[in-house]
Engineer: 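One structure, pasted below without further comment.
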Amino acid sequence: DQQPYEHKDKVAPAIISDAAVNLLGSLVKAPPAQPVLWRGVDYDSRYAEQETAAHFNTMLALKPGETFDVPLMSTSRDAHVAMTYGGTAQSYESYTSVIFRIKDGSRGVAVRTYYKHDQEVISGGRFRVIGLHSVAAKGKLWVMDVEQIGGFDPDTRQLVKALGYVRCS
């Protein structure tokens, strides 16, 4: 009764690998035409590992003109959606939140998800910091303006291997 690519109610690795290769290939080929994209991230200092706190501190220390690389990430075309994922600092003092505002003209692939209101776009690559400012919550809620200046290596097989997928041809 099992479908050819399914195993015990889970998606088979071959399907995941093929989907990853297709997604990465689509990102490489995507035109730099996305509108402003948003991503919200936060952490709770009561429970976060030291490594997570160090990553946030490094991120918040970035100056305009500095660059950083991001693997695949989920973004939204709606700022309010990003705030639901990363605006927790407004309500809880132990949280630090960063909302990334990615300048229009980046590469990304719109995806259909269960939550259609998310207006999800998968993106990633190299980004340059344009600015960073605290917007509320006693310096615990930040907006980082960035622009995408580089995408993924067009050899998606190498990237997929780096991500840990083994089925590449």
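Please read these numbers as outputs of a predicted model, since none were measured by experiment.
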Engineer: Just by distance, no angles: are the side chains of Gln34 and Arg77 close enough, under 3.5 Å, to form a donor-acceptor pair?
Structural biologist: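 Judged by distance alone, the side chains do pair up.
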Engineer: To the nearest 0.5 Å, what is the distance between OG on Ser134 and CG on Leu141?
Structural biologist: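 Atom-to-atom, Ser134:OG and Leu141:CG are 7.0 Å apart.
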Engineer: Would you mind telling me which of Ile99, Val41, Ile130, Val98 makes a side chain to side chain contact (heavy atoms under 4.5 Å, CB included) with Met144?
Structural biologist: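 Of Ile99, Val41, Ile130, Val98, side chain to side chain contact (heavy atoms under 4.5 Å, CB included) with Met144 is met by Val98 alone.
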Engineer: Could you go step by step and tell me if Glu66 and Arg128 meet the side chain to side chain contact (heavy atoms under 4.5 Å, CB included) rule?
Structural biologist: CA-CA 6 Å; Glu66 292 185 309; Arg128 178 183 299 125; over 6 Å; no
Engineer: For Leu37, run the side chain to side chain contact (heavy atoms under 4.5 Å, CB included) check against Thr75, Asp78, Asp104 and tell me which one passes.
Structural biologist: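 Testing Leu37 for a side chain to side chain contact (heavy atoms under 4.5 Å, CB included) against Thr75, Asp78, Asp104 leaves exactly one candidate, Thr75.
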Engineer: Please name all residues satisfying side-chain contact (heavy atoms from CB on, under 4.5 Å) with Arg46, sequence neighbours left out, ordered by chain then number.
Structural biologist: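 Checked Arg46 against side-chain contact (heavy atoms from CB on, under 4.5 Å); matches are Asp44, Ser94, Tyr95.
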Engineer: Using the side chain to side chain contact (heavy atoms under 4.5 Å, CB included) rule, take Phe68 and Val70 through it: C-alpha gap first, then chi angles, then the decisive distance, then the call.
Structural biologist: CA-CA 7 Å; Phe68 61 96; Val70 177; 3.4 Å; yes
Engineer: Enter the distance from Ser97:OG to Met83:CE here, rounded to the nearest 0.5 Å.
Structural biologist: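 Output value for this atom pair is 7.0 Å.
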Engineer: Supply the atom-to-atom distance Leu62 CG to Leu132 CG, rounded to the nearest 0.5 angstrom.
Structural biologist: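 Going from the CG atom of Leu62 to the CG atom of Leu132 covers 8.0 Å.
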Engineer: Taking side chain as C-beta onward, heavy atoms only, is Trp38 less than 4.5 Å from Arg101?
Structural biologist: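 Side-chain contact under 4.5 Å: yes.
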Engineer: With heavy-atom distances below 4.5 Å as the criterion, would you say the side chains of Leu72 and Leu23 are in contact?
Structural biologist: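 Heavy-atom side-chain distance check passes, below 4.5 Å.
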Engineer: By ring-ring contact (aromatic ring centres under 6.0 Å, His included), which residues pair with Phe100, not counting sequence neighbours?
Structural biologist: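 None.
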Engineer: Test of understanding: clusters of I, L, V, M, F, W, Y form through side-chain heavy atoms closer than 4.5 Å, transitively. Do Val146 and Ile149 belong to the same one?
Structural biologist: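 Unlinked, Val146 and Ile149 end up in two clusters.
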Engineer: For residues Asp118 and Tyr85, is any side-chain donor paired with an opposing acceptor at under 3.5 Å?
Structural biologist: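 Note: Asp118 and Tyr85 side chains meet the donor-acceptor criterion.
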